[in-house]
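To keep things clear, I will list the structure first and then write my remarks on it.
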Protein chains: 2
Amino acid sequence: MEIEKAIAALNNPVRRQILAWLKDRSNFPPALPEHADLDGVCVGYIQEKANLSQSTISTYMGHLKAAGLVKSERHGQWTFYRRDEEAIQQFLALMGSELSQAGN
Amino acid sequence: MEIEKAIAALNNPVRRQILAWLKDRSNFPPALPEHADLDGVCVGYIQEKANLSQSTISTYMGHLKAAGLVKSERHGQWTFYRRDEEAIQQFLALMGSELSQAGN
DNA sequence: TCCATATATCGAGATATCGCGATAAACGTT
DNA sequence: AACGTTTATCGCGATATCTCGATATATGGA
């Protein structure tokens, strides 16, 4: 997790929305049978939901990944993205300690 | 506090640094005797510390204020800026609930 | 009133981000 | 090898942000 890149990645409503959608797999169409055992959501589903171009969403996921907020796994032609909960909590903790007054 | 503007305001290392400096008044030169009873730090001191131009710092403080992260008070020719601790905590709480997985 | 000081606003050039379409790369299937 | 599908990368015009110097505004003092 890189706080600098993470803040930049979060400085965009669609990227924040995608992170929120990824909290719950049921925000997306069901996985194909052959992907039933994998977690994460493929780029195409995210693109469909966000209603932006394929290249834009691919780039967005790249930002989120570079920031460390999501993990990705490629299976065949598909890349599955899922939240990195640990990194997200770490980010929140870092923001808290950077922003909070000492006594709080 | 406006989460959209707050994230944008925080998406800049100098503005984050200023917020951090403002945690402790002793990061700046002592107040003039006639300002001893006021809290907050004047723009000039912040500028000196950040080593950017006067106009840049004034604009930065405007961003932080528009985001609701700081409060300002004018006394004579000086504007004193201080952190809005309540708003900052509210921002952190909002980020937490927006980013965190439901079960966390 | 005139001047000095502190801050805010304006206008501009440099740089970064946005979001796209086109194209490339990766992979599976035939 | 050739093709279809999925994702990643490239190049670009549009827009936003950065940071500055110059200027305007606000205030207090001589």
Side-chain angles (χ1 to χ4, degrees), chain A residues 2 4-19 22 28-35 38-67 69-82, chain B residues 2 4-19 22 28-35 38-67 69-82:
Chain A
E2 312 205 26
E4 188 71 37
K5 287 184 184 171
I7 295 176
L10 294 171
N11 188 28
N12 176 292
V14 176
R15 287 192 295 261
R16 288 199 304 279
Q17 179 69 76
I18 290 171
L19 268 186
L22 288 175
F28 302 93
L32 298 176
E34 63 268 36
H35 299 146
L38 308 170
D39 59 351
V41 178
C42 68
V43 175
Y45 284 0
I46 300 171
Q47 187 216 328
E48 199 175 300
K49 183 109 179 161
N51 203 30
L52 286 175
S53 77
Q54 185 273 324
S55 64
T56 296
I57 297 302
S58 179
T59 304
Y60 277 13
M61 299 318 293
H63 285 177
L64 290 170
K65 173 133 195 241
L69 297 167
V70 301
K71 299 175 184 176
S72 72
E73 218 167 311
R74 192 171 246 263
H75 287 271
Q77 341 169 224
W78 290 273
T79 303
F80 295 88
Y81 285 96
R82 63 181 191 282
Chain B
E2 312 205 26
E4 188 71 38
K5 287 184 183 172
I7 295 176
L10 294 170
N11 188 29
N12 176 292
V14 176
R15 286 192 296 259
R16 288 199 303 280
Q17 179 68 77
I18 290 170
L19 268 186
L22 288 175
F28 302 93
L32 299 176
E34 63 266 38
H35 298 145
L38 306 171
D39 59 352
V41 178
C42 68
V43 175
Y45 283 0
I46 300 170
Q47 188 216 329
E48 199 174 298
K49 184 109 180 164
N51 203 30
L52 287 176
S53 75
Q54 185 273 323
S55 64
T56 296
I57 297 302
S58 179
T59 303
Y60 278 13
M61 298 318 292
H63 286 177
L64 290 170
K65 172 132 196 241
L69 297 166
V70 301
K71 298 176 184 175
S72 71
E73 216 166 313
R74 194 172 245 264
H75 286 270
Q77 343 170 223
W78 291 272
T79 303
F80 294 88
Y81 284 96
R82 64 183 191 278

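Chain letters run A, B, ... following the sequence lines, proteins first and then strands; every chain starts at 1. Everything numeric in this text was worked out from a predicted model, so none of it was measured. Every heavy atom of this structure was used, including side-chain atoms; hydrogens, water molecules and symmetry mates were not.
- Closest to the Arg74(A) side chain, of the nucleotides dT7(C), dC27(C), dC18(C), is dC27(C).
- Closest to the side chain of Ser55(B), from the set dT27(D), dC10(C), dT9(D), is dC10(C).
- Between Arg15(B) and dC18(D) there is a side-chain N or O to OP1 or OP2 distance below 4.0 Å.
- Arg74(A) places a side-chain N or O within donor-acceptor distance of the main-chain N or O of Gly76(A), the cut-off being under 3.5 Å.
- Counting distance only, with no hydrogens placed and no angle test, the side-chain atoms of Gln77(B) and the base atoms of dT7(C) include no donor-acceptor pair under 3.5 Å.
- The shortest distance between the side-chain N/O atoms of Ser58(B) and the OP1/OP2 oxygens of dT7(C) is not below 4.0 Å.
- At least one side-chain nitrogen or oxygen of Asn12(B) sits closer than 4.0 Å to the OP1 or OP2 atom of dC18(D).
- Considering only heavy atoms from C-beta on, His35(B) stays 4.5 Å or farther from Cys42(B) through its side chain.
- Rounded to an integer number of Å, the gap from CD1 of Ile57(A) to P of dC20(C) is 8 Å.
- Listed for the Arg16(A) side chain is a donor-acceptor partner under 3.5 Å among the backbone atoms of Leu10(A).
- Within 4.0 Å (heavy atoms only), Leu52(B) reaches sugar-phosphate atoms of the nucleic acid but no base atom.
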* Would Trp78(B) and Leu32(B) count as a side-chain contact (heavy atoms from CB on, under 4.5 Å) if you check the C-alpha gap in whole Å, the side-chain angles of each, and the deciding distance to 0.1 Å? -> CA-CA 11 Å; Trp78(B) 291 272; Leu32(B) 299 176; 4.0 Å; yes
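- Listed by residue number, the members of residues 42-51 of chain B with any heavy atom below 4.0 angstrom from DNA chain C are Cys42(B), Val43(B), Gly44(B).
- With Gln47(B) contributing its side chain and Leu52(B) its backbone, the two residues share a donor-acceptor pair below 3.5 Å.
- For Gln54(B) against dA6(C), a side-chain-to-base donor-acceptor contact under 3.5 Å is absent.
- If you find the closest nucleotide of DNA chain D to Trp78(A) and to Thr59(A), the one lying nearer the 5' end belongs to Trp78(A).
- At a cut-off of 3.5 angstrom, the base of dG21(D) holds no donor-acceptor pair with the side chain of Ser53(B).
- When the side-chain nitrogen and oxygen atoms of Tyr81(B) are compared with OP1 and OP2 of dA8(C), one or more of them lie within a distance under 4.0 Å.
- The side chain of Thr79(A) lies closest to dA8(D), out of dA8(D), dT7(C), dT6(D).
- In this view, Ser53(A) and Ser55(A), Thr56(A) satisfy the side chain to side chain donor-acceptor pair (under 3.5 Å) rule, not counting sequence neighbours.
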